Amino acid sequence: MSIWRRSVRWPRERVCNRVNLMTSLKSLAQTAMLGTSNGFTLPEEVAHLSLNPDLASDSEAGLLLAAAVIGIGEIGGRVPVQVEGGEAPCPAETRQPLSEHAAGLLKRMLAGEYEPVLPEFLKNAVEQGMLAPPETLPSLFGLDIKALRPLVQAVAGERGRWLAAQNPAWTDALVRPGEETWETGTTGQRLALLERTRQAAPDKARELVQSTWQQDAPEVRAAFLAAMSAGLSMEDEPFLETCLADGRKEVREAARALLMRLPESRFVARGVSRLEPLFDLKSRFLRGETLEVTLPGTPDPQAKKDGVGGAVLRQHMGEKTNWLAQMLSVVPPSTWTQRWNRPPEKLLQLALGSEWKEALLLGWMLAVDRCGDLDWVDAFAELWVRQPEARTLIHEMPGSLIRSIRLEQLEALAGASITHSVREMDDNHPLLDLLITVERPWSANLARTVMGSVLRQASRPRYRLVHALPGFALRIPPSLAGEFATGWPEDTPGWEPWINQFTATLLFRKEMLEAL
Amino acid sequence: MSPLTVEQVNALAPDPVALKAGQGLANARHWTGLGSSNAALWGLCKGSGQEPYKVRVDLQTNGYACTCPSRKFPCKHVLGLLLLAAASPKNLAEAVPPGWVSDWLEKRAARSQAGLQRAEPKADLQSRQKDAARRAARRENLAETGIAALDRWLRDFTRLGLASAQAAPASFWNDQVARMVDCQLPGAARMIRELQSLPGSRPDWAEILLLRLGRLYLLVQAFRRQNELPEAVQQEVRTLLGWTVNQEELVAASAGVCDDWLVLASLTDQDEKTGLLTRVSWLWGRASKRPAQILNFALRGQPLDATLVPGLALRGELVYFPGSYPMRAVFKEKQAAQGCFEPSGFDHLTHFLNEYAAALGKNPWLEEFPVVLEEVIPHCVGQTWLLRDEQNRAIPLSTQFVSRWELLALSGGHPLVVFGLWDGLSLLPMSIWAGDRYVNLAQVSSVAS
């Protein structure tokens, strides 16, 4: 290491003799690399340093002993180097550190044990205003999960900001980007800046996006549009309308998803006017209501821009039915509930009575998924759980739709569809699909209904249900841990590791919440 | 209640598989009859057998027993019980130990008494002494042969040139290592084995290799002229080459240093071939202000002494092995771990380097120097990591040290107390004290990786 100043001293008892020599361990090593077969004469200045005089004429012994004497003298003679003063020290924290116990749990999660519980831990730690111990910060920063960043930033405190500022890899993710990053920053930094600006001043954020729109890559443009979802208003409509003509499919799709949520937009008006002539809600005495549907004709160029007539949604559906589904998928579903003054449940039942039921259900489901209309979401959840025919037609619900089902609706569906010994929540129960996907915390009622059924089935051969248990353990209220840690049958072949993981995770979460 | 934390229990595990299994058992649903007292923890764990396993932990001497057939020690049931006690002590209510626990505790106490009173059978003492003398003489002869071979190898190597080491076959090192082992010079064998990975490993490898060869040659010379050397240096030379001192005799014959000994850090290493576990623990005496190194060995599957818990202090009498700069030591007696304190060390980096120079003067073969540095701040210049004091004087950190960012985070630019090992070139930090916190850096890095 070149940072050392070289000086040689031989420490003997308490006296140190400092000597300056021409010979160094480095110069001896250069000689030694080549070997002494061509002879080697010990430099005079080293020879007299109390070496065995017999060895003066012995090349190998002389070199080795000189190396020992000079080398030990060098490492013993090292003195510290002078450096420039470092970073200003980190300012004092205003918040409390985690308890030793809670910090221990955090370290276990960072080491991989109960890792899925980490987000919940961080969320609670931040709510309590607690700080992670400094030695966990590099691991926390290394997580690199975007959704966790604000939590990590909060739990890392002043120490975290101080540390991140010194490591470029962490600075990007954790330090708030300034306005100048819009021109020069990475996509991640620009997105962070956009998200922040959009919260405070939505118009300014849109102007930022427009200022570099022509130069940005298509996937970046699509990501920017997605980030504009927060603070969306009619002010954005003219810009979004122009994006419908973008050369790239993902940009057009992102623009459509935003415009759908603006009922007064020209885009929605066009969508409604295209569909209006195709529907007729007829009410006949004694025969109830029916929804008459005419299939659409070939889409015009504007319709194509608006997302009708592109790649088919389902291969087995005809061309026209595909167009119908695509047309429905770009119109907010609330249009129909208002227009016909019927609740979503009723409209879904009318759709099931139509000849074009698959297209109607598919189109509406995609529209509901894009708009996140909660009444329609719950109506689809009910349809899924209660009507096998509808399940076959729907085939699969998008995860984002399932994740927005209201908790009350899940609770009601569980209560109605699980019955003691008649219809347990087994592998084929439609509610299981929903519960596996839903990520929000369950209510005590839902947990008791579901787990009651699970406990009654334990020891019976189940595959999907057993594998869902570790996920359930992340959503059940931890206060019920005691209730579900016991009460399992004695003999549960095939279930044992899953039950263990389930109860251990639940107990760990309980312990975690108590420790915070 | 159990004084062990989850981290400490993790450190006890004989292997990761046992630890994983133990973690699975750290769940009250596997247990019945859980209880604890000041002296012990116990519980019945449902296993694959008919009867539940009886699991016991002696808290005073850190002993454990389980009725399972596992040959791992501690087994997963013991680990599970310890983890359960560490994580949720409420599950182990305070109680009077049942018979199967109290009987075991009594037996353990009786056995340790017996161990102390074990008397030397006197009958054939004389003939055994004679045998020992004959063996010792034979070993001296063997050693001389070995030293002559080492001398030859070092000279040949130097004549050929160190550059040849980069392309040397493994047998170049292994044959010489085997020769040293055959001549009962395991210390010399270890030093040669450690040379093998050096060539090409770093820019200045030739200098380091030459210095190590020089030190080995110095050892050859010192051994040959041992009669001219002071007694302490003679001891040092013989210990380095591989003569061992009988621990029991040493402890019986010497007075120890009574002090509060803080365990600064420990490092466990397993030999891949033999499975031999070696744990090195570094201690710091509160009053004596001296470091000490304690070695523990355990064969595959056997437990290591668990009484030395990093970060905790214990009161006891420590006997140093003889040598020119005594470092290695053994406990003559010790009490259970209690409390902790912040060790006092060097407040100036210059003072530390002066002390190191003095230590080198006494023992030129000193490989690692344990040091406590007060008031130092981690400092990063480009890719180089250093520790600086408040006068901005700095020493480099070892390139082997992986927890740099953790160390920097712990400091936050404020001074820390750092314990580490100095090899003459750079410091390998092992543990730190920040305010009232002790952090073992070895455990931190396992988290990071």
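What you see is a predicted model, and the numbers here were worked out from it, not measured in a lab. Values below: all heavy atoms of this structure, side chains included; hydrogens, waters and symmetry mates excluded. Lettering follows sequence order; numbering is per chain, from 1.
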Query raised in the report: Mind checking what makes side chain to side chain contact (heavy atoms under 4.5 Å, CB included) contact with A/P489, not counting sequence neighbours?
Result: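 Checked A/P489 against side chain to side chain contact (heavy atoms under 4.5 Å, CB included); matches are A/A458, A/T492.
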Interatomic spacing from [atom1] in [X] to [atom2] in [Y] - rounded to 0.5 Å:
X      : Y      : atom1 : atom2 : value
A/T36  : B/F157 : OG1   : CZ    : 12.0 Å
A/L34  : B/L162 : CG    : CG    : 9.0 Å
A/E60  : B/R152 : CD    : CZ    : 13.5 Å
B/L211 : A/L64  : CG    : CG    : 11.0 Å

Is there a side-chain contact between [X] and [Y] in this structure, where contact means two heavy atoms from C-beta onward sitting under 4.5 Å apart?
X      : Y     : result
B/V381 : A/E84 : no
B/L386 : A/V81 : yes
B/N392 : A/Q82 : yes

Requested in this report: Decide if atom CD of A/E496 counts as having more than 12 heavy atoms of other residues, nucleotides or ligands within a radius under 6.0 Å.
Outcome: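 More than 12 heavy atoms, drawn from other residues, nucleotides or ligands, come within 6.0 Å of this atom.
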**Report entry** More than 12 heavy atoms of other groups within 6.0 Å of A/Q96 CD
**Finding:**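 Counting neighbours around CD of A/Q96, 12 or fewer heavy atoms of other residues, nucleotides or ligands fall under 6.0 Å, so no.
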Examine whether an atom of [X] lies under 4.5 Å from a heavy atom of chain A, and if so say whether it belongs to the side chain, the backbone or both; otherwise answer neither.
X      : value
B/L154 : both
B/E390 : neither
B/K46  : side chain
B/R437 : side chain
B/R215 : both
B/L218 : both
B/W205 : side chain
B/R159 : both

Residue pair [X] / [Y]: nearest heavy atoms and the distance that separates them:
X      : Y      : answer
B/R393 : A/P80  : CB-CB, 3.7 Å
A/V83  : B/A394 : CG1-CB, 3.9 Å
A/E135 : B/E406 : O-CG, 3.3 Å
A/A67  : B/L210 : CB-CG, 3.5 Å
B/L425 : A/I75  : CD2-CG2, 4.1 Å
B/L353 : A/R78  : CD1-O, 3.5 Å

Query raised in the report: Hey, which of A/Q30, A/H101, A/E158, A/M33 has the most heavy atom pairs under 4.5 Å with chain B?
Result: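 Of the candidates given, the most pairs with chain B belong to A/M33.
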Query raised in the report: Quick one: of A/A515, A/G104, A/C90, A/P91, who has the most non-hydrogen atom pairs under 4.5 Å with chain B?
Result: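 Option with the greatest count: A/C90.
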**Report entry** Contacting region of A/L105 [heavy-atom separation from chain B under 4.5 Å]
**Finding:**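 Looking at A/L105, nothing touches chain B.
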Query raised in the report: Using non-hydrogen atoms only, which part of A/A32 is less than 4.5 Å away from chain B: side chain, backbone, both, or neither?
Result: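 It is both, since atoms from each part get that close.
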Requested in this report: Begin from the C-alpha positions of A/F141 and B/W405 and carry the test side chain to side chain contact (heavy atoms under 4.5 Å, CB included) through to its verdict.
Outcome: CA-CA 11 Å; A/F141 290 166; B/W405 287 101; over 6 Å; no
Query raised in the report: Can any side-chain N or O of B/H414 pair as donor or acceptor with the backbone N or O of A/P89 at less than 3.5 Å?
Result: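 No.
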Requested in this report: For A/R159 and B/L410, indicate whether the former's side chain and the latter's backbone hold a donor-acceptor pair under 3.5 Å.
Outcome: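 Present.
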Query - Options B/A163, B/G161, B/G412, ranked by heavy-atom pairs under 4.5 Å with chain A, top entry - result: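 It is B/G412.
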Requested in this report: Spell out the residues in residues 498-507 of chain A that have some non-hydrogen atom less than 4.5 Å away from a non-hydrogen atom of chain B, in order of number; otherwise answer 'none'.
Outcome: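 The list, in residue order, reads A/I499, A/N500, A/T503, A/A504, A/L507.
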Requested in this report: Before giving the answer on side chain to side chain contact (heavy atoms under 4.5 Å, CB included), spell out for A/W162 and B/L408 the whole-Å C-alpha distance, their side-chain angles and the decisive distance to 0.1 Å.
Outcome: CA-CA 10 Å; A/W162 181 88; B/L408 189 63; 3.9 Å; yes
